[in-house]
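What follows is a short report on a single structure.
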2 protein chains.
Amino acid sequence: MSKCEQCIVRQFNSLKHLSKEELVRMSACKTTKIIKKGEVLFEEGEHLNGVFCIKDGVCKVSKMSENGRNQIISLVQKGNIIGERSLVSEEISNLKAVALNDMEVCFIPKEEIIRDLEKNNAFTMSVLKDMATSLKSADNLIVDMAQKTVKQRLAETLLHLHSKFDTDSEGNINIQLSREDIANIIGTATESAIRLLSEFKKNKIIEFKGKEIKILDEAALDKIIHGF
Amino acid sequence: MSKCEQCIVRQFNSLKHLSKEELVRMSACKTTKIIKKGEVLFEEGEHLNGVFCIKDGVCKVSKMSENGRNQIISLVQKGNIIGERSLVSEEISNLKAVALNDMEVCFIPKEEIIRDLEKNNAFTMSVLKDMATSLKSADNLIVDMAQKTVKQRLAETLLHLHSKFDTDSEGNINIQLSREDIANIIGTATESAIRLLSEFKKNKIIEFKGKEIKILDEAALDKIIHGF
DNA sequence: TCGAAAAGCTGACAAATATCATATTTTAAA
DNA sequence: TTTAAAATATGATATTTGTCAGCTTTTCGA
């Protein structure tokens, strides 16, 4: 069993503010899990008894709307913690998390996190700052969803994905999303997303083969985002 | 100059977790302001040097989208604190706040809040919980904006306003919003909002005279929200 | 209280997006 | 490897929403 004290992933999130002692205790109560692609980390409405620290892989966090369509709120990757929101406000989860590829995660029980939040103010402040950052992104997303066209949102999403996941040796964005996933990120029908991707391809803005997408003309995407 | 220790508004927000001593110090450094209807509390891009505790009145919090349209993110009323997000993440404000009616607010300098956050863990936890709640609402709003129709969003907004601001003796919702404000809340063109309000009126779902709006058929609104 | 400016309203039309149908390609299970 | 299911793609069409124009009503300051 690997130890939190030595875990490199910890350096990228709020857990870096924990003391040696606190980390040893965390190591003792955490459980490491392998989540296969497509498997569910937690469901909407589920009671979370802790948080997940992502050691490897990416998951999509989404919420079902009443008209039966799924909206992806964010993609969470290696180094991040997921589930703190529900834990802090002591509610059932309002979101669902599904692995986009094989993941390795550590589950840290609620009691341990709550204890650290109450004892270690630097940790609490760090979690608070993270949440403030998430809230800012969420506010920006609200404005985008309400005010931008689907085409603008697709262009924006492509650039986001590019900067967040970087590219492989061939220049393809380092994340595999189905057309449906892409549609669920930008909040549109799958057909519309496909159509716009094809249009971007025809206009030499992007290039793709299946799920491998490569950005050819970043300036053109910027132009679309900021409205001609 | 009124004292924070005796301020009733404090009971409704995180400041209730401060000690007598902390409140006395806060009283000494806070400034009370009257903000007239239409005046700006803070601008997008402005550096906030503190937070506002709202003693009376309501303000709209909005963000300009790049295509020149304004999106109202939330309405904040008596008892709430505004500006903590930017303060916590030490960034310029991403939002603008404008008074919807005459307001009385207390401005509490940044240093004072930061000091309390660092010293008083119960206060920090309370701010964290508030932010978790805001984040949940924001996530829900993202899904609504992305997945619901303008009509559904208007119906939802009317019920929200009704439950948040209650009604006067005549049964009218206790908040005065222009048609443009309503459009900016639901994320649509002013004309579209006007058209739908007229439709609701024609169908006896609501009734209005100018900015006085009264809900007649709550069940019909629910039906619209949840999709026929 | 008068008059200009702002807000509210409605129609006509254009643009964006969803839906449905169907064909093709890819994936994965037997 | 075969084959059924799922994912991708595209056309046709319907629906939703935005834009522009013109009009009426309300508001507010001189």
Side-chain angles (χ1 to χ4, degrees), chain A residues 36-39 60 65-71 98 100-102 144-157 176-203 206-213 224-225 227-228, chain B residues 36-39 60 65-71 98 100-102 144-157 176-203 206-213 224-225 227-228:
Chain A
K36 289 259 179 64
K37 178 180 174 176
E39 283 181 2
K60 55 180 174 181
S65 93
E66 281 165 315
N67 60 22
R69 287 219 314 239
N70 204 32
Q71 179 65 38
V98 177
L100 273 174
N101 44 38
D102 292 349
D144 278 5
M145 288 301 178
Q147 303 287 4
K148 292 198 170 169
T149 64
V150 173
K151 190 187 280 193
Q152 287 179 306
R153 270 147 41 204
L154 175 59
E156 208 161 29
T157 297
Q176 298 258 326
L177 294 167
S178 68
R179 298 293 187 266
E180 190 181 358
D181 283 338
I182 294 175
N184 291 348
I185 290 171
I186 67 183
T188 191
T190 305
E191 295 96 321
S192 299
I194 290 174
R195 241 182 275 275
L196 286 170
L197 283 168
S198 300
E199 185 188 319
F200 284 4
K201 187 186 202 175
K202 205 178 67 189
N203 296 339
I206 61 172
E207 179 177 286
F208 59 79
K209 184 152 196 280
K211 296 184 176 60
E212 302 286 351
I213 301 178
I224 290 168
I225 294 169
F228 323 97
Chain B
K36 291 258 179 64
K37 178 179 174 175
E39 284 181 3
K60 54 180 174 183
S65 92
E66 281 164 315
N67 60 21
R69 287 219 315 238
N70 203 32
Q71 179 64 38
V98 177
L100 273 175
N101 43 38
D102 293 349
D144 278 4
M145 289 301 178
Q147 303 288 3
K148 292 198 171 169
T149 63
V150 173
K151 189 187 282 193
Q152 287 179 307
R153 273 154 29 211
L154 174 59
E156 209 161 29
T157 296
Q176 297 258 327
L177 295 167
S178 68
R179 298 294 187 266
E180 190 181 358
D181 284 337
I182 294 175
N184 291 348
I185 291 171
I186 66 183
T188 191
T190 306
E191 296 95 322
S192 298
I194 290 174
R195 240 182 275 275
L196 286 171
L197 283 169
S198 300
E199 186 188 318
F200 285 4
K201 188 185 201 176
K202 205 180 66 189
N203 296 339
I206 61 172
E207 180 177 286
F208 59 79
K209 184 153 195 279
K211 294 185 176 61
E212 302 287 351
I213 301 177
I224 290 167
I225 293 169
F228 323 98

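Naming: A, B, ... by sequence-line order, numbering from 1 per chain. Note that these values count all heavy atoms, side chains included, but never hydrogens, waters or copies made by symmetry.
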Practice problem: Using a heavy-atom cut-off of under 4.0 Å over every strand shown, decide if A:Lys211 touches base, sugar-phosphate, or nothing. | Solution: sugar-phosphate
Quiz item: Atom CD1 in B:Ile213, atom CD in B:Glu207: separation rounded to 0.5 Å?
Solution: 11.5 Å
Practice problem: Grab the CG-C1' distance between B:Asn67 and C:dA16 for me, whole Å please. | Solution: 14 Å
Quiz prompt | B:Asn184 vs B:Glu180 side-chain heavy atoms within contact, under 4.5 Å | solution = yes
Self-check item: Whole-Å gap separating C1' (C:dT19) and CD1 (A:Ile194)
Solution: 14 Å
Self-check item: Candidates C:dG8, D:dT10, D:dT17 - which lies nearest the side chain of B:Ser192
Solution: D:dT17
Exercise. Under 4.0 Å between any heavy atoms, over every strand shown, what does A:Thr190 touch: base, sugar-phosphate, or nothing? Just pick one.
Key: nothing
Exercise. Please report, rounded to the nearest Å, how far the P atom of D:dT24 is from the CZ atom of B:Arg179.
Key: 19 Å
Exercise. Let me know the distance between NZ of B:Lys151 and C1' of D:dG18, rounded to the nearest Å.
Key: 17 Å
Exercise. Take the protein atom CZ of B:Phe208 and the nucleotide atom P of D:dT25, then report the distance between them rounded to whole Å.
Key: 15 Å
Practice problem: Report yes or no: does A:Lys201 contribute a side-chain atom to a donor-acceptor pair with the main-chain N or O of A:Phe208 at less than 3.5 Å? | Solution: yes
Quiz item: Has the side chain of B:Asn101 got a donor or acceptor atom that lies under 3.5 Å from a matching backbone atom of B:Lys37?
Solution: no
Practice problem: Write down the distance between NZ (A:Lys201) and P (D:dT10), rounded to a whole number of angstrom. | Solution: 8 Å
Quiz item: When the distance from CD of B:Gln152 to C1' of C:dT17 is rounded to whole Å, what number comes out?
Solution: 15 Å
Quiz item: Tell me: CG of B:Leu196 to P of C:dC9, nearest whole Å?
Solution: 13 Å
Quiz item: Are the side chain of A:Arg153 and the backbone of A:Ile225 linked by a donor-acceptor contact shorter than 3.5 Å?
Solution: no
Quiz prompt | Under-3.5 Å donor-acceptor pair between B:Arg195 side chain and C:dG8 base | solution = no
Practice problem: Answer yes or no: side-chain N or O of B:Glu191 and base N or O of C:dC9 forming a donor-acceptor pair under 3.5 Å. | Solution: no
Exercise. Give a yes/no on whether any side-chain N or O of B:Thr188 is located under 4.0 angstrom from OP1 or OP2 of D:dG18.
Key: yes
Quiz prompt | Donor/acceptor link under 3.5 angstrom from B:Arg69 side chain onto base of D:dT19 | solution = no
Quiz item: Considering heavy-atom distances to DNA chain D, does A:Gly210 or A:Ala146 have its closest nucleotide positioned more toward the 5' end?
Solution: A:Gly210
